[in-house]
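Computed from heavy atoms alone, side chains included, the values below leave out hydrogens, waters and symmetry copies.
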Amino acid sequence: MIYRPDTLTTAAVRLRDRHCRFPDCHRPANRCQLDHITPFDHANPLGGGWTTINNLQCLCEFHHTVKTAGYWTAVMLPGGAILWRSTSKTTRITLPTNGTAVPIIGNDLRPHIPTKPRRSGIIAYPDPPDNEQPETDDTAPPF
């Protein structure tokens with residue numbers, strides 16, 4: 001196993017992340033370091049912490065240092081989401097490509113999605129007016 005990712009792996013991680021994956025950091029991926037979410041085990045490279053797309057994330061130098069120091073831990077979730085937990089019990093989920101951090105309410109791991117658009121350029125799409133709702137076929141069965 002190798003520690004440093006190859007060119008194709010690096011490009012795939014940066015394309016997925018597009019920015020630093022730490023909550024609320026928007027430093028572009030091309031100005032970030034690639035970080036192993038589960039640390040690479042130099043003493044036993046076959047033991048885990050592999051250099052794969054699913055174990056790498058983009059982190060700016062500052063947030064890489066914060067994670068390495070142990071103030072925050074990261075866990076990769078399905079779909080490239082990353083669950084962050086701080087030593088002060090703060091929990092966030094960051095999503096790839098859009099730069100938002102989603103707060104977790106209580107112990108519920110389902111993300112709380114804010115209903116108002118943020119000034120960061122995220123667009124909230126309103127529901128279509130009633131006259132634009134799709135027509136239903138009254139003759140179709142209810143299942």
Side-chain angles (χ1 to χ4, degrees), residues 1-137 140 142-143:
M1 300 309 284
I2 58 169
Y3 175 69
R4 297 204 183 275
D6 61 24
T7 304
L8 185 60
T9 302
T10 298
V13 172
R14 288 194 169 142
L15 181 64
R16 178 196 65 208
D17 292 354
R18 308 242 176 144
H19 58 84
C20 174
R21 292 302 300 278
F22 193 84
D24 296 322
C25 184
H26 303 285
R27 182 169 298 253
N30 64 349
R31 295 178 53 209
C32 290
Q33 302 169 351
L34 293 190
D35 168 62
H36 287 80
I37 295 172
T38 300
F40 184 84
D41 186 347
H42 292 277
N44 180 17
L46 296 177
W50 298 334
T51 305
T52 63
I53 294 169
N54 292 328
N55 190 42
L56 293 172
Q57 65 181 336
C58 292
L59 288 180
C60 68
E61 185 176 359
F62 176 76
H63 290 123
H64 193 171
T65 302
V66 168
K67 178 185 168 278
T68 301
Y71 296 111
W72 286 82
T73 59
V75 176
M76 180 72 77
L77 301 176
I82 298 177
L83 173 65
W84 288 92
R85 289 189 181 117
S86 75
T87 54
S88 65
K89 307 297 184 219
T90 301
T91 306
R92 297 282 184 269
I93 291 178
T94 60
L95 306 173
T97 71
N98 67 2
T100 60
V102 182
I104 303 299
I105 306 302
N107 291 327
D108 188 354
L109 287 180
R110 291 173 295 168
H112 167 72
I113 308 296
T115 56
K116 294 186 178 183
R118 299 175 69 192
R119 294 182 69 181
S120 64
I122 297 171
I123 300 171
Y125 294 98
D127 292 330
D130 289 337
N131 61 352
E132 292 183 27
Q133 295 291 337
E135 293 183 22
T136 59
D137 183 3
F143 52 87

With heavy-atom distances below 4.5 Å as the criterion, would you say the side chains of [X] and [Y] are in contact?
{"X": "T51", "Y": "H36", "answer": "yes"}
{"X": "W72", "Y": "T90", "answer": "yes"}
{"X": "Q33", "Y": "L59", "answer": "no"}

Supply the atom-to-atom distance [X] [atom1] to [Y] [atom2], rounded to the nearest 0.5 angstrom.
{"X": "R27", "Y": "C58", "atom1": "CZ", "atom2": "SG", "value": "12.5 Å"}
{"X": "D17", "Y": "I82", "atom1": "CG", "atom2": "CD1", "value": "6.0 Å"}
{"X": "L56", "Y": "D35", "atom1": "CG", "atom2": "CG", "value": "8.0 Å"}
{"X": "I53", "Y": "L34", "atom1": "CD1", "atom2": "CG", "value": "10.5 Å"}
{"X": "T9", "Y": "N55", "atom1": "OG1", "atom2": "CG", "value": "11.5 Å"}

So which heavy atom on [X] is nearest to which on [Y], and how close?
{"X": "A74", "Y": "Q57", "result": "CB-NE2, 3.9 Å"}
{"X": "M76", "Y": "N54", "result": "CG-O, 3.6 Å"}
{"X": "G80", "Y": "P96", "result": "O-CD, 3.6 Å"}
{"X": "T87", "Y": "G70", "result": "CG2-O, 3.3 Å"}

Self-check item: Flag, side chain of R14 to backbone of C32, donor-acceptor distance under 3.5 Å
Solution: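 Looks like yes, one N/O pair under 3.5 Å.
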Quiz item: Hey, is the main chain of T94 close enough, under 3.5 Å, to the side chain of R21 for a donor-acceptor pair?
Solution: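 Yes.
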Quiz item: How are the rings of H63 and F22 set relative to one another: parallel (under 30°), tilted (30 to 60°) or perpendicular (over 60°)?
Solution: parallel
